[in-house]
K.L.:
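Below are the structure tokens for one structure; questions will follow.
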Amino acid sequence: MSIQRLRGTADILPDEAPLWRRIESAARREARLYGCREIRTPVFERTELFSRSVGETTDIVSREMYTFPDRGGRSVTLRPEGTAPVVRAYLENALHRTAREARLYYLGPIFRYEKPQAGRQRQHHQFGVEAFGDGGPAIDAEVIELLMRFYEELGMRDLSLLVNTVGCAACRPAFNGRLAAFLASRRPDICEDCRRRSDGNPLRVFDCKSAGCAAVIAEAPRAIESVCPACRVHFDGLRALLDEAGIAHTVRPELVRGIDYYTRTAFEVLAGGLGAQNAVGGGGRYDDLVESLGGPPTPAVGFGTGIERIVMVMAAQGIAAPPPDGAVVSVIAWEPEGIAAGRRALRSLRGAGIPAEMDHRGGSLRSQLRRAHRAAAAYALLVGAAECARGAARLKDMRTGEEREVPLEGIGAAMGRLAPAENRTGVPGGRRPS
RNA sequence: GUGGAUGUAGCUCAGUCCGGUUAGAGCACCUGGCUGUGGCCCAGGGGGUCGGGGGUUCAAAUCCCCUCAUCCACCCCA
């Protein structure tokens, strides 16, 4: 084997692409239903966009970014998350001036230099939504509802939604201080990782899985009990709205996200079948980010969800993938007299919007029919010398085996009338007739 | 970055512990049986740097060392 794909990357092969398209079109449909418009930002940005927004001390910025100097000496970074570029584009193109409230969605690759494992790659893909300009809990609930509906549309089951509040600029510093002080007092009882965390981002200790730390953490002050009255009202409001929408959720006070810009609402959706990386999606509110990137004070809330992890959950839950792409009609000519007529039929079919193929290498009728069968074509068009001489061919239904003679003239239009449902790329009745 | 497991045909894997004739199976692929008819069956065929490099040995897929990759877990996240 010569050149291989880069570590942590994956090829999405023709057999898998239909499922990806289904997921992507569900994403676009849901986003549209909720009033979101698509935005496409570059896959690379100036490095400082991410260091300033995501946070210098986060794992993402401190050790996971694909950062390199370009030929002009600028430091550029492959986007390690979707929100900061959208905020940048929102400001740079003055979208906040044309509409007070903007709802945007994106779909595309994300890059993080991590060690791959189940559900974790160096390039993965996310569907994300960002809603700007509304600081109230109703929009948080709506964004979460969009996400849960999207999963539901794909047939995903047994998901758990975890919600938390991480406070705001007014109350978080004080809480962080109290937590840090508490952790300092218990420093001998906590693990090395947590000591490190208590210096950088003390909230992270709530994530620790070590048994020793769990006992300490149980006594630690909780953000949810320490936030300011405004944050409390927002969080209670969100929970009531989720209840109203019939969206089951669990309050998880230890839920913390690894990106610094979140304020107030933080949420995550967990699923089984993913291995240790059990989050399919997550997000939250980021009321200070737009302003910190140079815009006017603008509250915002959004989520990102990983397409690869959705694919994994769907596979684990046995959710059927769409049929593979393939030709609907296989044109077969096995005698010299039929070859040119076969090619004309091929053009006629394609002109009528019917996916059609013909094996130009030829071969016996038997072998070409076998190929058509394996390619799961719905029909075979047999252009034999005898029929060809009277301007006709035999149309064979591959599922039933029935054959009838059809005129070659206008074959595309005739097939279009015969099987209008097959005018698209899908093949009716599933694939692989047996 | 740390730890564990695994690398043999396009795919899934046997063979490795106990070194020994041309390295196997199933599936997939190609051809024929059926000279103008797919699926099932039968027969035949193509395909391999045994991840790479080095070492030990008369002899290495097999033993030793190094290296790379993949998977899984920690960490972190989608």
Side-chain angles (χ1 to χ4, degrees), chain A residues 1-2 4-10 13 15 54 57-64 79-83 107-128 147 191-194 196-197 200-201 204 207-210 255-259 266 268-271 274-283 303-313 330 332-335 337-338 361 363-388 393-403 432-434:
Chain A
M1 192 118 5
S2 45
Q4 298 178 11
R5 66 177 187 270
L6 242 22
R7 175 163 221 199
T9 64
L13 299 172
D15 279 350
V54 176
T57 62
T58 60
D59 280 13
I60 289 177
V61 171
S62 65
R63 38 185 263 235
E64 295 177 356
R79 68 173 174 214
E81 62 101 41
T83 300
L107 219 33
I110 300 286
F111 306 86
R112 287 180 206 163
Y113 194 88
E114 295 189 273
K115 196 155 169 184
Q117 70 181 73
R120 197 172 73 184
Q121 298 177 183
R122 289 185 174 179
Q123 177 182 345
H124 75 277
H125 297 77
Q126 284 189 20
F127 162 45
L147 179 62
C191 71
E192 202 174 311
D193 280 340
C194 284
R196 177 176 53 80
R197 292 178 180 120
N201 187 352
R204 294 231 66 89
D207 257 355
C208 187
K209 281 141 195 138
S210 98
L255 174 66
V256 177
R257 316 215 76 242
I259 297 174
E268 222 165 73
V269 181
L270 269 35
L274 283 176
Q277 313 303 318
N278 61 351
V280 267
F303 68 74
T305 181
I307 310 294
E308 283 83 353
R309 290 191 185 175
I310 290 171
V311 170
M312 287 173 77
V313 171
S330 187
I332 296 177
W334 66 103
E335 294 157 315
E337 298 88 333
R361 297 168 307 170
S364 66
L365 172 58
R366 174 186 165 74
S367 65
Q368 290 195 61
L369 212 39
R370 182 156 45 209
R371 273 176 237 148
H373 174 76
R374 292 195 178 142
Y379 297 93
L381 186 70
L382 313 182
V383 189
E387 294 85 351
C388 207
R394 296 186 72 76
L395 180 68
K396 182 183 182 77
D397 183 321
M398 293 296 282
R399 196 165 43 84
T400 63
E402 283 168 42
E403 278 179 40
R432 294 262 160 222
S434 51

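Order of the sequence lines sets the chain letters (A, B, ...), proteins ahead of strands, with each chain counted from 1. Basis for what follows: all heavy atoms, side chains included, without hydrogens, waters or symmetry-related copies.
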K.L.:
If you only use heavy atoms from C-beta on, which nucleotide in C29(B), U37(B), A78(B) is closest to the side chain of R374(A)?
P.N.:
C29(B)
K.L.:
With sequence neighbours left out, what residues match R5(A) under salt bridge (charged side-chain N to carboxylate O under 4.0 Å, His left out)?
P.N.:
none
K.L.:
Atom CD1 of I60(A) and atom C1' of C76(B): how far apart are they, to the nearest Å?
P.N.:
8 Å
K.L.:
Whole-Å distance between A78(B) P and D59(A) CG?
P.N.:
12 Å
K.L.:
Got a donor-acceptor pair under 3.5 Å from the side chain of R112(A) to the base of A78(B)?
P.N.:
yes
K.L.:
Return no unless some side-chain N or O of R7(A) is found under 4.0 Å from OP1 or OP2 of U70(B).
P.N.:
yes
K.L.:
Using the C1' atom in both, what is the distance from G4(B) to C11(B), to the nearest Å?
P.N.:
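Taking atom C1' in both G4(B) and C11(B), they lie 26 Å apart.
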K.L.:
Look at all strands and tell whether E308(A) reaches a base, only sugar-phosphate, or nothing, counting heavy atoms closer than 4.0 Å.
P.N.:
nothing
K.L.:
Under 3.5 Å, side chain of E335(A) to main-chain N/O of A385(A), donor-acceptor pair present?
P.N.:
yes
K.L.:
Does E114(A) contact G1(B) through a side-chain donor or acceptor facing the base, at a distance under 3.5 Å?
P.N.:
no
K.L.:
Could you check which of A73(B), G36(B), G39(B) has an atom nearest any side-chain atom of L365(A)?
P.N.:
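From the listed options, G36(B) comes nearest.
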K.L.:
Sequence neighbours excluded, which residues qualify as side-chain contact (heavy atoms from CB on, under 4.5 Å) partners of A276(A)?
P.N.:
Q117(A)
K.L.:
Under 4.0 Å from OP1 or OP2 of A78(B): is there any side-chain N or O of R257(A) that close?
P.N.:
yes
K.L.:
Indicate the atoms forming the closest heavy-atom contact of A377(A) with S330(A), along with that distance.
P.N.:
CB-CB, 3.9 Å
K.L.:
Say we look at G3(B) and U67(B): how far apart would their P atoms be, to the nearest angstrom?
P.N.:
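12 Å, rounded to whole Å.
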K.L.:
Of the candidate nucleotides C75(B), G39(B), A78(B), which contains the atom at the shortest distance from the side chain of R309(A)?
P.N.:
A78(B)
K.L.:
Would you say a side-chain N or O of R366(A) is under 4.0 Å from OP1 or OP2 of G38(B)?
P.N.:
yes
K.L.:
On a whole-Å scale, what distance lies between the C1' atoms belonging to G24(B) and C65(B)?
P.N.:
29 Å
K.L.:
Only pairs with both distances under 3.5 Å count, Watson-Crick or wobble alike; so what is the partner of G46(B) in this structure?
P.N.:
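Its partner: none found.
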K.L.:
Using the P atom in both, what is the distance from C29(B) to A14(B), to the nearest Å?
P.N.:
24 Å
K.L.:
Expressed as a whole number of Å, how far does the P atom of C17(B) sit from that of A28(B)?
P.N.:
33 Å
K.L.:
Compare the ring of H124(A) with the six-membered ring in the base of A78(B) and state whether they stack (centres under 5.5 Å, planes under 30°).
P.N.:
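Yes; by the centre-distance and plane-angle rule, H124(A) counts as stacking on A78(B).
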K.L.:
Name the pairing partner of U2(B), where a pair is Watson-Crick or G-U wobble with both distances under 3.5 Å, or state none.
P.N.:
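Pairing partner: A73(B).
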K.L.:
Listing time: all N or O pairs from protein to nucleotides 3-11 of chain B that are below 3.5 Å?
P.N.:
none

K.L.:
Taking CD from E335(A) and C1' from U35(B), how many angstroms apart are they, rounded to a whole number?
P.N.:
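Result: 11 Å.
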K.L.:
Using a 4.0 Å heavy-atom cut-off, does A118(A) contact any base of the nucleic acid, only the sugar-phosphate backbone, or nothing at all?
P.N.:
sugar-phosphate
K.L.:
Mind checking who A59(B) pairs with, Watson-Crick or G-U wobble, both distances under 3.5 Å?
P.N.:
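Its partner: none found.
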K.L.:
Within 45 degrees of the ring normal and closer than 6.0 Å to the centroid, is that where the cationic atom of R63(A) sits relative to Y113(A)?
P.N.:
no
K.L.:
Whole Å only: how far is the CD atom of Q123(A) from the C1' atom of A78(B)?
P.N.:
13 Å
K.L.:
Is any N or O donor-acceptor pair between the side chain of Q368(A) and the base of U37(B) shorter than 3.5 Å?
P.N.:
no
K.L.:
With P as the reference atom in both, quote the distance from G52(B) to U62(B) in angstrom, rounded to an integer.
P.N.:
10 Å
K.L.:
If the condition is side-chain contact (heavy atoms from CB on, under 4.5 Å), which residues does E114(A) pass it with, not counting sequence neighbours?
P.N.:
E64(A), R112(A), R120(A)
K.L.:
Only pairs with both distances under 3.5 Å count, Watson-Crick or wobble alike; so what is the partner of C13(B) in this structure?
P.N.:
G24(B)
K.L.:
Taking only residues two or more places apart in sequence, or in another chain, which ones meet H125(A) in a ring pair (Phe, Tyr, Trp, His ring centres under 6.0 Å)?
P.N.:
W20(A)
K.L.:
How long is the line joining CG of D397(A) and P of G39(B), in whole Å?
P.N.:
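Whole-Å distance recorded here is 17 Å.
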K.L.:
Quick one: is Q117(A) getting a side-chain N or O under 4.0 Å of the C74(B) phosphate, OP1 or OP2?
P.N.:
yes
K.L.:
In whole Å, what separates the P atom of G39(B) from that of A43(B)?
P.N.:
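Rounded to whole Å, the distance is 16 Å.
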K.L.:
Taking side-chain contact (heavy atoms from CB on, under 4.5 Å) as the definition, give me every residue that meets it alongside L13(A), ordered by chain and number, with sequence neighbours left out.
P.N.:
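Per chain and number, L13(A) pairs via side-chain contact (heavy atoms from CB on, under 4.5 Å) with D11(A), E16(A).
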K.L.:
For a quick test of reading the model, state the closest non-hydrogen atom pair linking A372(A) to I332(A) and the distance between them.
P.N.:
CB-CD1, 4.3 Å
K.L.:
Please report, rounded to the nearest Å, how far the C1' atom of G39(B) is from the CZ atom of R371(A).
P.N.:
16 Å
K.L.:
Distance check, C1' atoms only: A78(B) and C68(B), in whole angstrom units.
P.N.:
28 Å
K.L.:
If you compare all heavy atoms of A266(A) against all heavy atoms of R257(A), which two are closest, and at what distance to 0.1 Å?
P.N.:
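Here A266(A) and R257(A) meet closest at CB-CG, 4.0 Å.
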K.L.:
Between E387(A) and A276(A), which has a closest nucleotide on RNA chain B that is more 5'?
P.N.:
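Residue closer to the 5' terminus by nearest nucleotide: E387(A).
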K.L.:
Identify which nucleotide among A78(B), C72(B), G38(B) has an atom closest to any side-chain atom of L369(A), counting heavy atoms from C-beta outward.
P.N.:
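My answer, after comparing the listed nucleotides, is G38(B).
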K.L.:
With a 4.0 Å cutoff (strictly under), does any side-chain N or O of R394(A) reach OP1 or OP2 of U37(B)?
P.N.:
no
